[in-house]
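These numbers come from the heavy atoms of this one structure, side chains and all, not from hydrogens, waters or symmetry mates. For the single chain, residues carry numbers from 1 onward in sequence order.
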Amino acid sequence: MEFYYKFSSILIFGLFALVVGAQLVRLLPLQTMLLVIGLPIVLFALLQLAGVEVKLSGQSFRVAAGIGTFAGFIGGLSGIWGPPTVAYLAALGTNKNDHMN
């Protein structure tokens with residue numbers, strides 16, 4: 001339960017953005033939706049392949065809200081919200097077992 005409280009801001013913002021993103025699925029043209037989904041995934045993959053490691057010294061409400069909103073929005077469109085969430089947790093140095101909660 002401590003995990004959910006600690007990351008409540010990313011979870012709450014992610015939930016609301018997920019609902020908004022899911023509503024856009026039927027409104028966006030296919031090519032636009034694929035671009036919105038594909039660009040962040042390609043960027044994440046390139047950063048990982050380049051060995052770029054982002055480190056955050058501690059939790060910030062603004063960063064958590066931004067990542068949660070981004071992850072939720074992409075998740076609403078595609079059902080894939082993992083890459084930004086995992087990148088954020090890794091940047092915080094979160095225990096790998098906590099990633100699975």
Side-chain angles (χ1 to χ4, degrees):
M1 191 61 143
E2 179 183 326
F3 177 83
Y4 297 110
Y5 179 73
K6 184 176 180 182
F7 296 104
S8 61
S9 56
I10 192 172
L11 294 171
I12 291 169
F13 278 88
L15 172 66
F16 286 116
L18 186 135
V19 171
V20 171
Q23 301 309 308
L24 293 176
V25 168
R26 51 192 184 117
L27 301 175
L28 287 176
L30 177 63
Q31 296 301 323
T32 304
M33 192 166 72
L34 291 175
L35 185 67
V36 169
I37 294 168
L39 280 178
I41 292 172
V42 168
L43 179 63
F44 178 75
L46 288 174
L47 290 172
Q48 291 293 303
L49 289 171
V52 174
E53 286 189 38
V54 177
K55 296 288 182 192
L56 296 174
S57 59
Q59 282 187 284
S60 161
F61 176 79
R62 288 183 180 170
V63 173
I67 296 292
T69 301
F70 178 71
F73 183 75
I74 296 297
L77 286 175
S78 66
I80 302 168
W81 52 83
T85 306
V86 170
Y88 175 68
L89 293 174
L92 286 174
T94 306
N95 183 337
K96 290 185 181 185
N97 288 333
D98 287 341
H99 282 237
M100 302 307 292
N101 284 337

Whether T32 side chain and L28 backbone form a donor-acceptor pair below 3.5 Å: no

How far apart are the C-alpha atoms of T69 and F16, what are their side-chain angles, what is the distance that settles it, and do they pass the side chain to side chain contact (heavy atoms under 4.5 Å, CB included) test? CA-CA 8 Å; T69 301; F16 286 116; over 6 Å; no

Return the CG to CG distance between L18 and L11, rounded to the nearest 0.5 Å. 11.5 Å

Is there a path of hydrophobic side-chain contacts, each under 4.5 Å between heavy atoms, that joins I74 and V25? yes

Among the clusters formed by ILVMFWY side chains lying less than 4.5 Å apart, do I41 and F73 turn up in the same one? yes

What are the two closest heavy atoms between L77 and L24, and how far apart are they? CD2-CB, 4.1 Å

Taking the side chain from T85 and the backbone from W81, do they hold a donor-acceptor pair closer than 3.5 Å? yes

Does the ring center of F61 lie less than 6.0 Å from the ring center of F13? yes

I need the minimum non-hydrogen distance between I10 and I67, along with the two atoms involved. CD1-CG2, 3.8 Å

Of all heavy-atom pairs linking A17 and G68, the shortest is CB-O, 4.4 Å

With a 4.5 Å heavy-atom cut-off, do Y88 and T94 have their side chains touching? no

Where Q59 and L92 come nearest, the two heavy atoms and their spacing: CG-CD1, 3.7 Å

In Å and rounded to the nearest 0.5 Å, what is the CD to CD distance from E53 to Q48? 8.5 Å

Identify, with sequence neighbours excluded, every residue that meets side chain to side chain contact (heavy atoms under 4.5 Å, CB included) alongside L43. L47

Check the hydrophobic clustering (I, L, V, M, F, W, Y; side-chain heavy atoms under 4.5 Å; chains of links allowed) and say if I37 and F44 are grouped together. no

